[in-house]
Protein chains: 2
Amino acid sequence: MSDVARLAGVSIKTVSRVVNNEPSVHTETAAKVLAAIERLGFRRNLGARNLRRGSSSGIIGLVLEDVANPFYSGLTRAVEEIARATGRHVLTGSSDEDQDRERELTLEFCARRVDGLIMIPAGERHGYLVPEMQAGTPVVFVDRPAGDIVADTVLVDNIGGAAAAVTHLAAHGHRKIGFLGDAEEIFTARERLRGFREGCGNAGIPFDPRLVAMGPHTQEGITAIVREFVLGPTGATALVSGNNRITVNVVRAIAGLPRRPALVGFDDFELADLLDPPVTVVAHDADALGSAAANLLMARLDGDTSAPKRQTLPVRLVPRGSGETPPP
Amino acid sequence: MSDVARLAGVSIKTVSRVVNNEPSVHTETAAKVLAAIERLGFRRNLGARNLRRGSSSGIIGLVLEDVANPFYSGLTRAVEEIARATGRHVLTGSSDEDQDRERELTLEFCARRVDGLIMIPAGERHGYLVPEMQAGTPVVFVDRPAGDIVADTVLVDNIGGAAAAVTHLAAHGHRKIGFLGDAEEIFTARERLRGFREGCGNAGIPFDPRLVAMGPHTQEGITAIVREFVLGPTGATALVSGNNRITVNVVRAIAGLPRRPALVGFDDFELADLLDPPVTVVAHDADALGSAAANLLMARLDGDTSAPKRQTLPVRLVPRGSGETPPP
DNA sequence: CCGCACGATGACAACGATGTCCAGCACCAG
DNA sequence: CTGGTGCTGGACATCGTTGTCATCGTGCGG
């Protein structure tokens with residue numbers, strides 16, 4: 001900046017006035033300054049600026065499980081859009097479902113003085129966030145609630161969705177329904193299992209623990225379970241899968257079976273409509289989750305100090321065929 | 001920090017020593033300081049620290065077309081991993097293929113003093129980056145080259161891949177092959193078209209401009225073109241699609257046709273193996289692109305000042321069935 | 001018993017930018 | 001000619017942190 005001032009023959013302060021578009025600068029002087037800026041390729045240091053002005057950093061921290069998962073990348077995009085509308089950018093980090101890594105990432109973001117945090121929490125303990133929140137960094141939890149603190153949260157109706165999946169299958173005559181869910185440590189997995197049980201209860205289907213598998217996540221593991229459910233003594237005629245990745249694995253597993261069970265998956269995914277048969281899913285919108293969270297955060301940044309909110313976004317069952325196969 | 005110093009009864013400099021783990025602090029003093037830090041929930045301001053130390057910001061800027069596109073989100077993840085290995089984070093921004101937006105994002109990132117930039121460029125003009133690069137911000141272009149400057153670049157073998165697609169189809173007896181590509185403004189689209197022509201030449205197939213469509217990107221538009229190619233006077237028996245999104249649309253379009261043409265898609269995508277028929281693709285690895293770019297960038301950050309490099313990553317044809325349908 | 005090295009601590013400036021406040025200057029009305 | 005007014009431009013402090021250097025005991029070898 002002082003280089004620019006020297007080249008333009010003015011003081012540093014005048015340069016500052018020009019880059020900040022302050023009105024009280026002679027047009028001619030401003031032109032000289034701009035020319036010098038252009039010539040030297042000067043760009044003001046936003047970090048220093050924010051430090052001096054005490055203004056916010058203009059960065060939102062987004063901590064999620066894995067940006068590469070299409071579900072989260074959709075959410076990321078939605079957050080980015082809303083951040084952009086207020087002139088902010090998004091710093092992303094993947095926790096890989098690892099509590100320590102989540103914590104490390106999050107605190108690092110705080111040290112960078114992000115304006116706010118949006119988190120898909122990996123762990124159950126978030127006490128470490130309390131000082132940050134007290135210091136004024138708003139935090140919004142998405143998809144899963146915080147472990148042991150109260151904070152803004154945006155969830156989807158996991159229970160209702162899983163129950164609806166069972167209801168749908170029951171309406172097509174199924175009574176032996178298997179559930180393949182994510183690891184029980186994960187909030188959404190527990191909730192969806194609970195919804196599954198509720199759905200069974202509503203449909204008058206006795207809950208059979210042999211038809212529940214939580215946690216497998218490899219193609220091999222899931223194939224084995226699907227075979228066991230369908231071909232084993234439990235004789236499942238239908239399956240509910242607990243998330244998009246499990247669904248995909250289940251679809252692959254089913255393709256190799258002599259008798260194909262009906263299937264309803266939790267989470268929508270691209271091409272579900274093009275598979276054979278097209279996969280019926282409990283859909284919910286990653287965009288909507290991201291937008292809701294970002295909007296909540298923005299409200300906090302605008303000064304909303306009301307009590308922490310918990311939103312639950314609706315899901316909808318999208319019948320495409322795979323859930324409508326009747327039992328043999 | 002001064003609050004911590006006051007509470008611990010030491011000078012501000014001693015606090016600094018403690019948070020920086022400098023050895024020459026009495027254990028007892030350090031303990032007092034740490035207690036005060038804990039008590040006040042102090043976290044040092046990384047921005048101020050970097051300003052004072054003149055050290056790098058520890059942030060990599062990643063400008064791409066759309067984080068929500070699985071192809072780019074995979075790339076993002078790969079970049080994140082390599083950034084993490086050197087203690088850095090990733091600031092992402094979507095340009096939506098808009099040149100101005102790209103420029104705005106990029107310069108904003110520069111003003112934040114990112115350590116380096118990785119860009120999937122939207123436009124053809126990147127002169128605006130010259131001052132930044134001269135100022136020492138390394139820039140790596142990925143997937144598409146820079147418009148009018150020389151810089152590190154990582155590409156995939158678009159020409160070879162598209163030619164291989166034609167060769168594959170020709171080997172199965174096809175002579176009337178249609179090409180649906182992205183808009184011609186996009187580098188990869190042009191390259192792939194060029195590869196398509198080369199492939200035709202190699203196979204002794206006369207190039208028919210009526211069988212080329214560049215730019216349509218809606219389901220309706222693509223469906224119309226596919227119908228025209230296959231059912232119209234040109235009577236295409238096979239199609240090559242220019243990117244993952246077009247492929248998906250083409251698959252949908254084909255599903256509604258009385259006679260299904262063979263298909264090879266450029267870009268692999270999840271579930272391609274589960275469609276009916278499974279889609280043969282020219283695959284290349286988003287991870288590999290991201291890693292290569294990030295590694296190049298890291299080398300620059302480690303002081304590599306050699307001439308700009310251009311890497312071309314190989315592609316491979318993954319036959320799954322859709323390209324092996326013989327012509328009727 | 002002196003001086004010296006060494007460990008521990010603090011005062012101060014500086015990173016790059018901006019807010020505050022004041023001085024200079026032209027211009028105009030009185 | 002004077003004082004006010006409206007612009008401009010500059011000196012200085014400051015944001016939170018760290019590098020440099022100085023200070024101050026204290027223990028130890030000579």
Side-chain angles (χ1 to χ4, degrees), chain A residues 1-34 36-37 40-59 107-115 131-132 135-137, chain B residues 1-34 36-37 40-59 107-115 131-132 135-137:
Chain A
M1 199 146 171
S2 66
D3 294 343
V4 174
R6 203 174 317 120
L7 181 59
V10 299
S11 82
I12 276 189
K13 178 63 201 175
T14 300
V15 178
S16 167
R17 285 205 176 92
V18 172
V19 298
N20 284 295
N21 260 323
E22 287 178 29
S24 65
V25 177
H26 193 83
T27 322
E28 208 170 301
T29 315
K32 269 193 303 187
V33 172
L34 287 173
I37 286 177
L40 297 176
F42 166 80
R43 191 162 313 284
R44 82 171 153 211
N45 184 327
L46 271 183
R49 174 177 215 247
N50 293 331
L51 177 60
R52 176 59 180 95
R53 312 220 321 179
S55 50
S56 65
S57 65
I59 295 186
L107 290 180
E108 186 92 3
F109 285 3
C110 288
R112 292 189 186 284
R113 295 295 186 269
V114 293
D115 293 354
E132 314 300 335
T137 306
Chain B
M1 200 148 173
S2 66
D3 293 343
V4 174
R6 203 173 317 120
L7 181 60
V10 298
S11 83
I12 202 176
K13 177 66 204 182
T14 299
V15 178
S16 166
R17 288 203 174 89
V18 173
V19 298
N20 284 295
N21 259 322
E22 287 178 28
S24 69
V25 178
H26 195 84
T27 323
E28 209 170 300
T29 316
K32 271 192 305 188
V33 171
L34 287 173
I37 286 177
L40 297 176
F42 166 80
R43 191 164 312 285
R44 83 172 154 210
N45 183 328
L46 271 185
R49 174 176 215 247
N50 294 331
L51 176 60
R52 177 59 181 97
R53 311 222 319 178
S55 51
S56 65
S57 64
I59 294 186
L107 290 180
E108 186 92 5
F109 285 2
C110 288
R112 293 188 185 286
R113 295 295 185 271
V114 292
D115 293 353
E132 314 299 336
T137 307

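Just so we're on the same page: letters track the sequence lines, and every chain starts at 1. As the structure is a prediction and not an experimental result, all values here were calculated from the model.
For the 3.5 Å distance criterion, the side chains of B:S56 and B:N50 fail to qualify, holding no donor opposite an acceptor.
Straight-line distance from the CG atom of B:D3 to the C1' atom of D:dC15: 14 Å, rounded to whole Å. Spacing between atom NZ of B:K13 and atom P of D:dT23 amounts to 17 Å, rounded to whole angstrom units. Spacing between atom CE of B:M1 and atom C1' of D:dC15 amounts to 14 Å, rounded to whole angstrom units. Atoms CZ (B:R43) and P (D:dT17) sit 12 Å apart, rounded to a whole Å. When rounded to the nearest whole Å, the span between CD1 of A:I12 and C1' of D:dG10 equals 11 Å.
From A:E22, atom CD reaches atom NZ of A:K13 across 5.0 Å, with rounding to the nearest 0.5 Å. Note that CD1 of B:I12 and CZ of B:R6 are 9.5 Å apart. Values are rounded to the nearest 0.5 Å.
Donor-acceptor pairing under 3.5 Å, judged by distance alone, is present between the side chain of A:R17 and the base of D:dG10.
With contacts defined as side-chain heavy-atom distances shorter than 4.5 Å, the pair A:R112/A:E108 qualifies. Two residues are said to be in side-chain contact when any heavy atoms from C-beta on lie closer than 4.5 Å; A:R44 and A:L46 meet this criterion. Here the side chains of A:F42 and A:V19 are in contact, with some heavy-atom distance below 4.5 Å. Contact annotation: the side chain of A:N20 approaches that of A:R49 to within less than 4.5 Å [non-hydrogen atoms, C-beta and beyond]. The shortest side-chain heavy-atom distance between B:M1 and B:N45 does not fall under the 4.5 Å cut-off.
In the set D:dG9, D:dG10, D:dG19, the nucleotide with an atom closest to the side chain of A:V25 is D:dG9.
B:T29 comes within 4.0 angstrom of sugar-phosphate atoms only, judged by non-hydrogen atoms across all strands, and of no base. Using a 4.0 Å heavy-atom distance criterion, A:T14 is classed as a sugar-phosphate-only contact. Using a 4.0 Å heavy-atom criterion, one finds that B:E28 contacts no nucleic acid atom at all.
Interface limits on DNA chain C: the 5'-most and 3'-most nucleotides within less than 4.0 Å of chain B heavy atoms are C:dA8 to C:dG16.
Contact record, B:E132 with B:L107: OE2-CD2, 3.8 Å, taken as the closest heavy-atom pair.
Against DNA chain C, the stretch residues 44-53 of chain B makes heavy-atom approaches under 4.0 Å through B:L51, B:R52.
Of the two residues contacting DNA chain C, namely A:V19 and B:G9, the nearest-nucleotide position lying further toward the 5' end is that of B:G9.
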